[in-house]
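A short worksheet on the structure shown next.
When reading the values below, keep in mind they use all heavy atoms of this one structure, side chains included, and skip hydrogens, waters and symmetry mates. Chain letters run A, B, ... following the sequence lines, proteins first and then strands; every chain starts at 1.
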Amino acid sequence: MIKAVGIVDCNSFYASCEKIFRPELADKPVVVLSNNDGIVIALSQEAKKCGIKRGSPLFKIKDLVKRYNVQVFSSNYALYGDISQRVFSLVDSIVPDMEIYSIDEAFINFTNVNLDLAQFCRNLRMKIHKGVGIPTSIGIAKTKTLSKIANKIAKNDASLRGVCDISNMADISSILKRVPVDDIWGVGWKHSERLRKSGIETAYDFSRANEKWVKKHMTVQGLRTLYELQGKPCIDLSTAVPAKQSILSSRSFGRIIRSKEEILEAVASYTARAAEKMRKQSSAANLLYVFLRTNPFNQTRQYHNGVQIPLPVPTSATSELLSYAAAGVEQIYREGFDYQKAGIMLSGLVPCNLDQFAMFDPEDRQKLKTVTVVMDEINKKMGRNTLFYAAAGVKKPWDMRREFESPHYTTRWKDLPGVKAE
DNA sequence: TCTGGGGTCCTAGGACCC
DNA sequence: TCTGGGGTCCTAGGACCC
C-alpha cells in the first residue's frame, strides 16, 4: 500500500489574488496590508526581494515602497475567499480526496493511488494556473508534517518546477538536517526557543528527541509532530469540514474611541457579523463573550476587560444577541480610556436551525426566524449590510481604514471588470 | 499618526460530589 | 470541627496555525 499525502499551497496568496485582475502587475512587487492598513500580511516574491518582511508596519517600509514602486493593497477578503473557492473546487474535481486546511492550502490524500505523483502534481499546478491564475507549490511525503517540509523545498528550488516529492525516499535525514526547528509545522516561537536551549536545532535533531521530554514540555501535540517527522502519520486527513466550535468577530478601530455609544455601535456591528456566520453553519450559541481593550503598544493607561454571558436559550437570532452584547458592554465599559479594539465571541455552539425553539421560551421565535431569514437572503443577494440593525450605527467612526482597497471584482456587481467594445 | 483577525487543541487546577 | 481519596466537569490560559 502506498501511503502519501500532498499539500497544495498557493504562493503569496493574497498578493497573487490582487495580480489576477491587474496583469500589468505580474512581475511587480505587491504587498497586502492587514485591516486598518496596519502591517504587511502578504507579499509577492518581488516584494520580498526589495527587503520587505511579513509583519512590518506600513509606516516602517514607506521608503522601500517609494524606492521600488511597490504596489500596496488593503486586504480584500471577499476577493480572496472567492478565489480560494475557485482554486479548491478545481483541485477537488481532479484529485481523489482532499482536505481544505486554510484559505490557501489543501492536503491531498494519495493513499492507494497508483500514479507518478510528481508528474500528476505538476499537471495539477498547471491546471490551477491556467484555470484560476494562481501560482502554487506542492509537497508530497509520508505524513502531513513532512509534506509541509517538502512544500517549502518546492518553493525555494526553481529546478523542481513547483513540486517536491519525498514520499519514496528511503532516508530523508539529509533533508531534515537542513530544516531549522522553528520551520517545523507545529513548532512555534516558544517551543523552538526551549528546543534550542536543549541543543535541538534541526528537524533531524527533533525527530530523534526523547519522547518523554517532548510529551512533558510540548504535550501530545509535540509528540505527534515528532512521530510525523519519523514518517509515522499521526495527524489524520479529515475531508469533512467540521462545524466551527466558536465564532469570533473583532476589529481594531480605525481611530481611538472613547465614548460608550461608539463602542456599543461597533460591538453591535461585530455581533451582527458573527451571528450571520453562525447561521451559515446552522449553529446556535450558548455563550457570548464581549471584550474591549486599549492599545497595548501605546504608553497610555491600559484597560483590558471582558465578560462572559450565558444565554438562557441557545440562539442565533441577531436581535436577541444584540441585546446581550450591549448589556456586556455596559458591564465592562469604563470612562476615560483610549479604546483601540473590541470584539465578541460566540461559543458553546450547538447544531440548530431556526425552526427549533425551547418550551417556556419568552421570545417569539417564529417572528425572529422570519425577520432573520429575510435579512440574510437580502444581504446575500444585494451585498453585505444592505439591511442592518440600527444599533450598528450609520456613521461608523470606528470603522477600519482601507486606503488601498482593490475593487471587489468577483463579488460585487458594479465592480465586475468591464470589457470595452471596439 | 501607524503594530491583523479568526480559529483549534491541550492541560492544569478549581468546584463539586460521594 | 476535622479528616481523606477519587472521580467528573468546567474554565482559563498557553501554544500553535494561517
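Counting any heavy atom pair closer than 4.0 Å across all strands shown, A/Tyr101 reaches sugar-phosphate atoms only and no base atom. A/Asp104 comes within 4.0 angstrom of the backbone, heavy atoms only, and of no base. Within the nucleic acid shown, A/Leu58 has no heavy atom closer than 4.0 Å to any nucleic acid atom. Counting any heavy atom pair closer than 4.0 Å across all strands shown, A/Ser75 reaches no nucleic acid atom. Here A/Arg255 lies out of heavy-atom contact (under 4.0 Å) with every strand. Backbone-only engagement by A/Ile184 is indicated by non-hydrogen atom pairs under 4.0 Å involving sugar-phosphate atoms exclusively.
Toward the 5' end of DNA chain B, the nearer of the two residues A/Gln221 and A/Lys62, judged by each one's closest nucleotide, is A/Lys62. Taking for each of A/Ser249 and A/Asn298 the nucleotide of DNA chain B with the nearest heavy atom, the 5'-most of the two is the partner of A/Asn298.
Close to B/dC10, at under 4.0 Å from its OP1 or OP2, lies a side-chain N or O of A/Arg224. An OP1 or OP2 oxygen of B/dT8 is reached within less than 4.0 angstrom by a side-chain nitrogen or oxygen of A/Ser246. Residue A/Arg194 places no side-chain N or O under 4.0 Å from the OP1 or OP2 atom of C/dA15. Between A/Lys148 and C/dC16, a side-chain N or O to OP1/OP2 separation shorter than 4.0 Å is absent. Phosphate contact (OP1/OP2 of B/dG7, side-chain N/O of A/Ser102, threshold under 4.0 Å): absent.
When both distances must be under 3.5 Å, the Watson-Crick or G-U wobble mate of B/dC18 is C/dG5.
Geometric assessment of A/Arg293 against the ring of A/Tyr303 yields a negative cation-pi assignment under the 6.0 Å and 45° thresholds. A cation-pi arrangement is not found for A/Lys341 relative to A/Phe253, the charged atom failing to lie both closer than 6.0 Å to the ring centre and inside a 45° cone about the ring normal.
Shown here for A/Ile134 and A/Ser16, the closest heavy-atom pair between the two residues is CD1-CB, 3.8 Å.
Going from the P atom of C/dC18 to that of B/dT3 covers 24 Å, rounded to whole Å.
Between the base of B/dG4 and the side chain of A/Arg54 there is a donor-acceptor pair shorter than 3.5 Å.
Going from atom OH of A/Tyr80 over to atom C1' of B/dG4 covers 13 Å, rounded to whole Å. Regarding A/Lys152, its NZ atom lies at a distance of 9 Å from the P atom of C/dC18, rounded to whole Å.
Within a heavy-atom distance below 4.0 Å of DNA chain C, no residue of residues 333-346 of chain A is found.
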